[in-house]
Structure formats: structure tokens, C-alpha cells
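Read through the structure below, which is laid out as C-alpha cells, and then see the notes.
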Amino acid sequence: MERGLWEAFRQGVVYNLAARTGERLGAPGTNQELDRADERDDVFGDTPWGPERTIRAEVIARLLLDGPAPIPGRVAALKLTGALVTGPLVLAGGTITHYVELHDCRFSNKLLMSEARAGTLRFVTCLIPRIEASRLATEGDLHLARCRVPDGIRLTDARIGTDLLLNQAVVGADRFGRSLSADGMSVHQDFEADRLESTGELSLRTARVGGRLSLRGAQLRSTPQSSTCLNAVRLTVGHTLYLTSSADGGWYGSRTYYGSGYGESPPPGAPSTPFRAYGKVRLSDARFESACLISGEFHLGAEDELSLRRIQTPELRFACRMRPTGTVSLSRARVGNLVDAPASWPAGKHLGLTGFTYEVLRPLAPFGVQERIAWLESASVDFQPESYEQLAAALRRDGADDDAREVLYARQRRRYATLPLPSRIWGHLQEATVGYGYRPGRAALWLLLAWLLGTLFFQQHPPEPLKADERPHWNAALYTLGHLLPVVDLGQNGWNPAGAGQWVAAGLVLVGWVLATTVVAGATRLLQRG
């Protein structure tokens with residue numbers, strides 16, 4: 001077996017040890033024989049592989065690190081399919097100049113590639129107990145698509161020259177509870193982990209991805225060692241982050257490990273697998289140069305959080321089909337377009353919006369101003385005036401001035417509800433009269449009502465003149481209006497009310513002053529908004 005691999009390496013051709021090959025089955029072969037071959041070729045099955053498929057890891061290491069010269073006119077390459085690799089494959093610190101592609105192989109021990117240098121490395125549909133590749137540097141791709149790595153992958157500070165693929169991989173946790181340790185990793189182009197199944201913490205702290213980071217249809221689960229299933233604090237993505245669904249049609253029945261499309265959402269009504277997170281998700285201080293798209297399911301505990309604190313992105317699309325069960329925090333985040341839907345946000349006091357800024361609102365479904373106000377008031381902090389001002393500013397930029405005034409009116413109502421009793425009483429009075437200056441029609445109605453009542457009273461109870469020898473012309477309507485507008489002289493100051501009339505006149509003066517001060521306050525706010 002190993003001699004045949006040696007010759008295939010020199011020729012740069014595939015060395016296939018799988019049971020389902022023409023050489024092993026004989027031609028044409030029956031369906032029953034093919035079924036038995038499929039069972040024997042199942043990399044993740046229980047059927048043992050014998051010596052006829054066994055390659056020692058040290059032989060592969062010798063080929064890659066100090067292999068023979070290629071046959072003239074050929075390019076040497078390691079292309080192996082259907083082999084059982086025994087012993088640890090130690091490539092740590094080495095330089096691998098040849099192309100490497102292994103399909104449907106089983107490894108009995110871990111793969112050690114720390115601080116190695118390579119061109120392109122492809123391990124597809126392989127069973128590898130663990131991969132140690134910290135500070136690995138590749139000029140080309142690193143593919144681990146459809147692989148199963150029960151004890152986790154370590155790519156700390158690795159440098160991937162082009163793409164990193166973990167599509168459909170199944171990765172377990174190491175002894176620290178991490179499935180993928182990739183802190184400080186750099187991927188020059190795309191990092192695809194569509195339909196990844198991860199048990200343990202997927203750690204991408206301070207990682208840099210030059211293109212897309214796609215976790216479409218991924219299933220992430222935390223462990224008792226770590227309650228976090230995705231930890232991407234200070235992550236930088238040069239294009240778009242996808243925590244979205246993956247169309248089933250692009251995977252089921254397909255032999256490709258790239259799926260279909262390039263980040264497109266599944267067609268409406270098409271079968272799809274949503275991104276699911278069972279545990280904390282941390283994206284704090286991350287930057288996404290194009291967009292951050294979130295439409296998955298977040299199964300969080302009561303104390304767990306989807307942290308989007310201080311993220312920066314031109315567009316945040318938050319369109320979860322089911323409400324997150326924990327807290328979503330956007331504190332100090334800065335986004336351009338906020339694309340969302342009312343049913344996407346968590347219910348109750350499980351939303352952090354302190355210092356959250358956005359330029360434009362682009363709802364995916366009808367999102368009325370009262371629903372927006374309820375969205376603000378569902379924040380975990382009782383009263384945040386800047387949140388109301390931010391929403392009002394965004395509405396005004398869209399030309400919705402009436403909705404912006406409604407938001408500012410709600411802000412005043414919430415503000416006075418937090419003040420001491422005397423201030424609350426004054427606030428209720430302002431709300432009832434002029435709506436804190438945002439309901440000027442109320443002031444006109446109250447003034448009209450007071451004027452009518454005062455006029456009716458003084459028509460029935462005209463006061464005596466101040467001077468017995470002077471009796472100016474009496475006009476009950478002007479006399480009442482003069483008290484409601486005390487700074488205006490309407491020529492009715494020569495009368496001296498007494499008894500009940502004196503109390504009515506004093507009441508008109510007080511009502512006039514209250515309405516005047518609230519109108520002035522409303523006008524001041526109007527000028528400040530302008």
C-alpha cells in the first residue's frame with residue numbers, strides 16, 4: 001500500500017484505497033456488492049478497515065517533508081482517498097511545498113501542523129481525532145469540509161492565504177470546552193462554515209477575515225465547561241457576516257461541499273435550515289465592513305446574552321423568525337441601516353439600547369411608531385432619553401416628522417414618570433393641557449373652554465367699577481380674555497370683582513400663566529429641534 005502511495009505521489013495522481021473502485025469490486029459489479037462497498041467506505045461508520053487500506057502517518061510525513069522527485073513532466077502531489085492513517089501525523093514546524101488533498105480518510109491519531117508552512121491543504125470527509133495547527137501559514141486554502149474532529153481544532157494565530165472551509169464539519173470540544181480555537185487567526189479571503197455542527201465554544205477573538213464569514217445553517221452548542229457557543233469579540237470581517245439560514249436544496253443530494261449561492265437567502269417558502277445558537281453569543285467590538293446579517297434562532301438562558309455591544313457596520317439586518325429567549329444588547333453599537341421586524345426582538349426587559357446609534361430605519365415588516373416606542377421601552381434600563389432622541393432623529397431623516405414628535409412626546413411622559421411627586425403632578429398638568437408642547441391643539445381647546453366659561457360667568461356676575469365716578473364700557477368676553485392673557489391690556493382693567501368673581505378672575509390668571517409657560521416651553525423645544 002505504501003509503495004503504491006509513493007509512486008502515486010511522484011506522478012501527482014490520486015491513490016484510491018476505497019472499497020468502491022473498479023479494481024476492488026470487479027466490473028460491472030452488482031448492486032449488493034456496491035451497497036456493501038458503501039458500508040465499508042463509510043468513514044464515520046463502525047466497519048473496521050484492514051491492512052489493505054492502512055498507511056502509516058510517518059510515510060505521509062516523509063513524502064510531504066522530504067519526498068522523492070516527481071516523474072519527469074509531472075508535479076508531485078499527495079492525493080489520497082479511502083485510507084486509514086495510523087499514528088500521529090507530525091508536520092509541526094515543517095515546510096510543505098506539495099499540494100495535499102485527502103478524501104474519505106480515517107486518522108487514528110491527531111494531526112499536528114503547528115507553525116508549519118504549506119501551499120493548499122484539503123482534508124475532505126475525513127475523521128481526525130484532533131487538529132493542532134496554531135500559527136499554521138498557508139499560501140492557499142485550508143479545507144476541512146465534511147470532516148469530523150471529535151476533540152476540536154486549534155488554529156490560534158494561523159494565517160490562511162485564501163479561503164478557510166469548514167462547511168458541514170462536525171467538531172467536538174477539547175478539554176477546555178472549545179471546539180475551534182482560532183483567536184488571532186487571519187483569513188485573507190472567505191471563511192465558510194455553513195452547516196457546521198459545533199459542540200463547544202467557537203472562539204474567533206480578534207480574528208480577521210478579509211471577505212465573508214458565513215455560518216449559514218450552522219448549529220452551535222455550548223458545553224458545561226463554557227456557556228458561550230460563539231465568541232467573536234473584536235472580530236474584523238472585510239465583507240459580511242452571515243448568521244442566517246441555509247437552503248436545503250443546496251446541500252441535500254449534492255456532492256459539493258460549497259453548497260449553492262454566494263450568501264443569498266433561501267427563496268420564500270423553500271426548505272431551509274436556520275442558524276441555531278444554544279448558548280451565549282459574543283460579537284462585542286466587532287467590525288463588519290459591508291453588513292451583519294442575523295436571522296437565526298438564539299436559544300439563550302435567562303442570564304445569557306447575544307452581545308452586539310459596540311459593533312460597527314454599515315448595515316445590521318436583525319430578522320430572527322423567533323424571538324431570542326435571552327437578552328440582546330446593542331449598547332454603544334453604531335450602524336448605518338437598521339433592517340428589522342417587530343417580532344425579531346426579545347420580549348420583556350431583555351434589550352440593551354444604551355448609546356445605540358443608527359442612521360436609517362428600514363423595517364422588513366410594518367413597524368408603526370407605537371411599536372417603535374414599545375421597542376424602546378422594552379430596554380433593560382428604565383429610562384434612556386438618548387434612545388428616544390436617536391429614534392426621533394432617524395424618523396425625521398425619513399421625513400416622518402409626526403412620528404418623531406410622537407416619540408418625543410413619549411420621552412417626556414417617561415421622563416416625568418421618574419421624577420418626584422411634585423414634578424410628576426406638574427408633568428400630568430402639562431400632559432393634560434398641551435402634551436408637553438407636542439400637542440398645541442390641546443392648549444387652544446383649554447383656552448377656548450376657559451374663555452367661554454369665564455365669559456358666561458361674568459355676563460351673569462358683572463363686577464363693580466374701581467371708581468364710582470368712572471364706568472368704562474363693559475365687555476365680559478374681553479374682560480375674561482384679559483385675565484387669560486395677563487400681559488395683554490384689552491381696556492377692561494377698570495373693574496373690581498368681588499366675592500366669587502374675585503376667585504374666578506384669579507383662577508383665570510393662573511390658568512393663563514400655566515398655559516403660557518407650557519406653550520413657551522413647547523416653542524423652545526420646537527426651536528431646539530429645528
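Any value given below was found using the heavy atoms of this structure, including those in side chains, with hydrogens, waters and symmetry copies removed.
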Pairwise side-chain contact, Leu121 with Leu102, heavy-atom cut-off 4.5 Å (strictly under): no
Contact check, side chains of Thr206 and Leu235, non-hydrogen atoms, under 4.5 Å: no
Distance in Å, Ser329 OG paired with Leu308 CG, rounded so as to fall on 0.5 Å steps: 7.5 Å
Arg178 and Asp183, any side-chain heavy atoms less than 4.5 Å apart: yes
Main-chain N/O of Glu359 paired to Arg397 side chain as donor or acceptor, under 3.5 Å: yes
Where Leu80 and Leu5 come nearest, the two heavy atoms and their spacing: CD1-CD1, 4.1 Å
Near-ring test His98/Phe9, centroid separation under 6.0 angstrom: yes
Working for side-chain hydrogen bond (donor to acceptor under 3.5 Å, both in side chains), residues Tyr99 and Glu101: CA-CA 7 Å; Tyr99 176 80; Glu101 183 166 353; 2.2 Å; yes
Residue list, side chain to side chain donor-acceptor pair (under 3.5 Å) with Thr162, at least two apart or on another chain: Asp141
Gln312 and Arg334: side chain donor to acceptor below 3.5 Å: yes
Asp104 and Thr81 side chains, donor-acceptor separation under 3.5 Å: no
Test log, rule salt bridge (charged side-chain N to carboxylate O under 4.0 Å, His left out), inputs Arg287 and Glu289: CA-CA 6 Å; Arg287 295 193 177 196; Glu289 299 300 331; 5.8 Å; no
Audit row: His188, Ile160, side chain to side chain contact (heavy atoms under 4.5 Å, CB included) steps and yes/no: CA-CA 6 Å; His188 187 69; Ile160 309 302; over 6 Å; no
Side-chain H-bond candidate by donor/acceptor type, Ser214 with Asp194, under 3.5 Å: yes
Any donor-acceptor N/O pair, Asp174 side chain to Phe176 backbone, under 3.5 Å: yes
All side chain to side chain donor-acceptor pair (under 3.5 Å) counterparts of Glu197, not counting sequence neighbours: none
Asp398 side chain reached by Leu395 side chain, heavy atoms, under 4.5 Å: no
Plane angle bin for Phe356 and Trp375 - parallel if under 30°, tilted between 30 and 60°, otherwise perpendicular: perpendicular
Modelled atom types, side-chain donor and acceptor of Ser226 and Glu201, under 3.5 Å: yes
More than 12 heavy atoms of other groups within 6.0 Å of Glu371 CD: yes
Smallest separation among heavy atoms of Trp345 and Asp340, with atom names: NE1-OD2, 3.0 Å
Taking every non-hydrogen atom, the tightest pair across Pro68 and Trp6: CG-NE1, 3.3 Å
Carboxylate-amine/guanidinium proximity below 4.0 Å for Arg53 and Asp41: yes
Residues Thr156 and Ser181: side-chain donor-acceptor under 3.5 angstrom: no
Flag, side chain of Arg106 to backbone of Ile128, donor-acceptor distance under 3.5 Å: no
Salt-bridge present (Asp285, Arg332; N to O < 4.0 Å): no
Over 12 foreign heavy atoms within 6.0 Å of CZ, Arg159: yes
Short N-O contact, Arg212 and Asp163, less than 4.0 angstrom: no
Leu330 side chain reached by Leu316 side chain, heavy atoms, under 4.5 Å: yes
pair Thr120-Val100: side-chain heavy atoms closer than 4.5 Å: no
Heavy-atom side-chain contact between Phe275 and Ser245 under 4.5 Å: no
Salt bridge flag under 4.0 Å for residues Arg130 and Glu132: yes
Atom of Pro274, atom of Ser272 and distance for their closest heavy-atom approach: CD-O, 3.8 Å
Beyond-backbone contact of Tyr242 with Ile294, side-chain heavy atoms, under 4.5 angstrom: no
Worked verdict on Gln168 versus Arg195 for side-chain hydrogen bond (donor to acceptor under 3.5 Å, both in side chains): CA-CA 5 Å; Gln168 295 181 294; Arg195 293 178 177 258; over 6 Å; no
Glu297 bridged to Arg276 by N-O distance under 4.0 Å: yes
Ser108 and Thr86: side chain donor to acceptor below 3.5 Å: no
Working for side-chain hydrogen bond (donor to acceptor under 3.5 Å, both in side chains), residues Ser284 and Ser307: CA-CA 6 Å; Ser284 305; Ser307 177; 2.5 Å; yes
Cationic N near anionic O, under 4.0 Å, Glu115 to Arg135: yes
Over 12 foreign heavy atoms within 6.0 Å of CZ, Arg221: yes
Side chains of Thr273 and Asp248, donor plus acceptor under 3.5 Å: yes
Trp49 six-ring face occupied by Arg40 cation (under 6.0 Å, within 45°): no
Heavy-atom pair of closest approach, residues Ala232 and Leu283: CB-CD2, 3.5 Å
Nearest heavy atoms of Gly279 and Cys229, plus distance in Å: O-SG, 3.7 Å
